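Everything numeric here is computed off the predicted structure, so don't read it as measured data.
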Amino acid sequence: MASDIEIARAASMQPINEVGEKLGIPPSALENYGKTKAKVRADYIETLKDKPDGKLILVTAINPTPAGEGKTTTTVGLGDGLNRIGKKAAICLREPSLGPCFGMKGGAAGGGYAQVVPMEDINLHFTGDFHAITSAHNLLSALIDNHIYWGNTLEIDPRRVVWRRVMDMNDRALRQIVCSLGGVANGFPREAGFDITVASEIMAILCLADDLDDLQRRLGDIIVGYRRDKTAVTARDLNADGAMTVLLKEAMQPNLVQTLENNPAFIHGGPFANIAHGCNSVIATKTALKLADYVVTEAGFGADLGAEKFFDIKCRKAGLEPSAAVIVATIRALKMNGGVKKDDLGAESVTAVKQGCANLGRHIDNVKQFGVPVVVAINHFSGDSEAEIAAVKAYASEHGVEAVLCRHWADGSAGTEELAAKVVQLVENGGAQFGPLYSDDMPLFEKIQTICRRIYRADDAAADKSVRDQLKKWTEDGFGNLPICMAKTQYSFSTDPNLRGAPTGHIVPIREVRLSAGAGFIVVICGEIMTMPGLPKVPSANHIRLDEAGQIEGLF
């Protein structure tokens, strides 16, 4: 079979204006970026506010493994499948980060015959949103050090600057740095560091803001550091919020592209789910809900991270009511969760599948806690045996849900008709009674414990006195009602990435907490998770190049 990039390159794409017309978007409401990409204008989005909403479907997954799960591919396949069976459907995805594209994971535009296109553009610079976010973030960084240099009238304590710089690339060498070296003309030396752009609070703010006014308010609320008396200094205090909003004006508008089957897809925002909240923008999701009867969106990594944050942060803050959830699993990944090594996945092992299904069962039970009906999508690989597939279906049935075999990677929408019909059935049965995991007024540390105990099935969360004191101080400062954004390894329910399956009895160590006052949540950093990833020994970048015809090779 052809590679993903070969399939994408051979696609017969429609002009983006024609794709928009399928949702009733007039050409005048689109700002075109060439023939196949466009931004939906903010003034047009404003005219949609009184229209009724469609039904929101979340696609999530079991814990990721090197064997692959295919959550984005399934999201695309389901969107195409819903359109195939006669429903007016759109999909909402996140924009890929350059870090994983050139690192280990690769792109995030789907795969096989369930992709969004133009694949190369989406995976690389796209419409420049990430560059705008990086620039706005680093403008604030520059203004902080500039203010200190020119007299520091706000009395910022250089030792208590909490705003780090960002770049959209994996670079472990920049995690901790010393800046302003080289003498008096370069400012006051201090410790600093870089995060990856997808971990930026500005990325989270752009993805949670309702409009430009809300964006500027949230940007102004960002806490950049503290004075010697430990009172907070905000971006608004530095008069930075206006210029940052200007840089983000175009980036705030959702991007419209298409699937291989020419169905509409909104791709906007891109926070990681292991170190941020892992969902596409609220404005893209709400726009899609006004234009389509069914909107399929994804949340990053496994349901313990992406789905929990989708429900507890995005839906809570944006007032969204999801109607159903799809949990993606592969036979290969379940076998890895059952103890099989990657090199041995080709051999049939019903026993390992059954053992690995404990991970699937945990995610099913967790999603049900939010009052959302569930269906399991078995993302088919050619080496899957009938016995292994039957074992997953039987296990899901024991948990009160149906597992549907999906062949969208090979067959496009024809491979997801059954899944699409099942999703419609769940929605039309009206079984959703959505509610978040914890209340706004629950104490911050109890919120953390609730997630650890009810989602990760840990015995407890462990935090030093300094962490608990910090949470207490933020509560006193009026931030006690904020939700929690856990930063944790995506590979396990625990903080040990090698502990697969469905572990219990573990403790979740809290290393650090960060206040994202503009985004409106508390980031809780657990175990050894990094907010600036590193490259693997052999990064994907080593295999990406232009061929003799000037076309990209090696991107996947």
Side-chain angles (χ1 to χ4, degrees), residues 56-64 69-75 91-97 99-101 105 107-110 129-130 133 166 168 195-209 266-285 295-318 320 322 325-328 363 366-367 370 372 436-437 451 455-456 482-493 495 497 514 516 519-526 529-533:
L56 182 59
I57 315 301
L58 172 68
V59 176
T60 183
I62 62 173
N63 288 101
E69 289 68 50
K71 188 169 62 273
T72 302
T73 307
T74 303
T75 302
I91 64 172
C92 287
L93 299 172
R94 292 169 297 160
E95 300 177 48
S97 164
C101 282
K105 182 177 180 290
D129 293 345
F130 277 29
I133 291 166
V166 297
D168 190 32
D195 294 329
I196 192 167
T197 296
V198 288
S200 167
E201 183 178 352
I202 293 178
M203 174 67 81
I205 287 172
L206 181 133
C207 287
L208 291 169
F266 293 90
I267 302 183
H268 194 219
F272 283 174
N274 59 346
I275 53 180
H277 74 287
C279 304
N280 77 299
S281 75
V282 165
I283 194 168
T285 301
V295 174
V296 185
T297 190
E298 61 148 2
F301 294 124
D304 58 317
L305 287 170
E308 186 271 318
K309 294 171 184 178
F310 173 81
F311 294 136
D312 279 329
I313 297 176
K314 181 175 178 177
C315 291
R316 180 198 302 264
K317 291 294 185 179
L320 299 173
V326 178
I327 300 177
V328 181
H363 289 296
N366 283 350
V367 173
F370 294 94
V372 178
L437 194 68
I451 295 170
I455 301 298
Y456 309 153
L482 297 185
I484 300 299
C485 182
M486 301 293 283
K488 181 187 75 70
T489 179
Q490 65 269 33
Y491 298 114
S492 173
F493 280 104
T495 55
R514 298 179 183 177
S516 294
F521 52 66
I522 307 287
V523 180
V524 177
I525 300 176
C526 307
I529 193 71
M530 296 290 182
T531 52
M532 168 56 87

Taking C-beta and beyond as the side chain, do [X] and [Y] meet within less than 4.5 Å on heavy atoms?
X: Thr297; Y: Leu56; answer: yes
X: Ser492; Y: Pro497; answer: no
X: Phe370; Y: Leu58; answer: no
X: Arg316; Y: Phe311; answer: no
X: Met203; Y: Val198; answer: yes
X: Ile57; Y: Val295; answer: no

Are Phe493 and Tyr456 an aromatic pair, judged by ring center distance below 6.0 Å?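 They do not qualify: ring centres at least 6.0 Å apart.
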Between [X] and [Y], does any side-chain donor sit less than 3.5 Å from a side-chain acceptor?
X: Ser200; Y: Asp195; answer: no
X: Thr60; Y: Glu298; answer: no
X: Asn280; Y: Thr285; answer: yes
X: Asp168; Y: Thr197; answer: no

Classify the ring geometry between Phe272 and Phe301 as parallel (under 30°), tilted (30 to 60°) or perpendicular (over 60°). perpendicular
Within the side chain of Glu95, is there an N or O that forms a donor-acceptor pair under 3.5 Å with the backbone of Gly269? yes
Quick check against the 3.5 Å criterion: does Glu201 have a side-chain atom that pairs as donor or acceptor with the backbone of Ala519?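 Yes: the side chain of Glu201 pairs with the backbone of Ala519.
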Test Thr531 against Ile196 for side-chain contact (heavy atoms from CB on, under 4.5 Å), laying out the working first. CA-CA 6 Å; Thr531 52; Ile196 192 167; over 6 Å; no
From [X] atom [atom1] to [Y] atom [atom2], the distance as rounded to the nearest 0.5 Å:
X: Cys526; Y: Asn274; atom1: SG; atom2: CG; value: 11.0 Å
X: His268; Y: Ile283; atom1: NE2; atom2: CD1; value: 7.0 Å
X: Ile522; Y: Ser516; atom1: CD1; atom2: OG; value: 7.5 Å
X: Ile267; Y: Thr72; atom1: CD1; atom2: OG1; value: 9.0 Å
X: Asp129; Y: Ser281; atom1: CG; atom2: OG; value: 9.0 Å
X: Ile275; Y: Thr489; atom1: CD1; atom2: OG1; value: 11.5 Å

For the residue pair [X] and [Y], what are the closest heavy atoms and their distance?
X: Pro271; Y: Ala276; value: CB-CB, 3.7 Å
X: Asn63; Y: His363; value: OD1-NE2, 3.0 Å
X: Pro322; Y: Cys315; value: CD-SG, 3.9 Å
X: Ala284; Y: Cys92; value: O-SG, 3.8 Å
X: Lys71; Y: Val328; value: CA-CG2, 4.3 Å
X: Val282; Y: Leu208; value: CG2-CA, 3.9 Å

Checking side-chain contact (heavy atoms from CB on, under 4.5 Å) for the pair Ile313/His277: CA distance, chi angles, key distance, verdict? CA-CA 7 Å; Ile313 297 176; His277 74 287; 4.0 Å; yes
Give a yes or no on whether a salt bridge exists between Lys309 and Asp304, defined as a side-chain N under 4.0 angstrom from a carboxylate O. no
Walk me through it: do Glu69 and Ile62 pass the test side-chain contact (heavy atoms from CB on, under 4.5 Å)? CA-CA 8 Å; Glu69 289 68 50; Ile62 62 173; 4.0 Å; yes
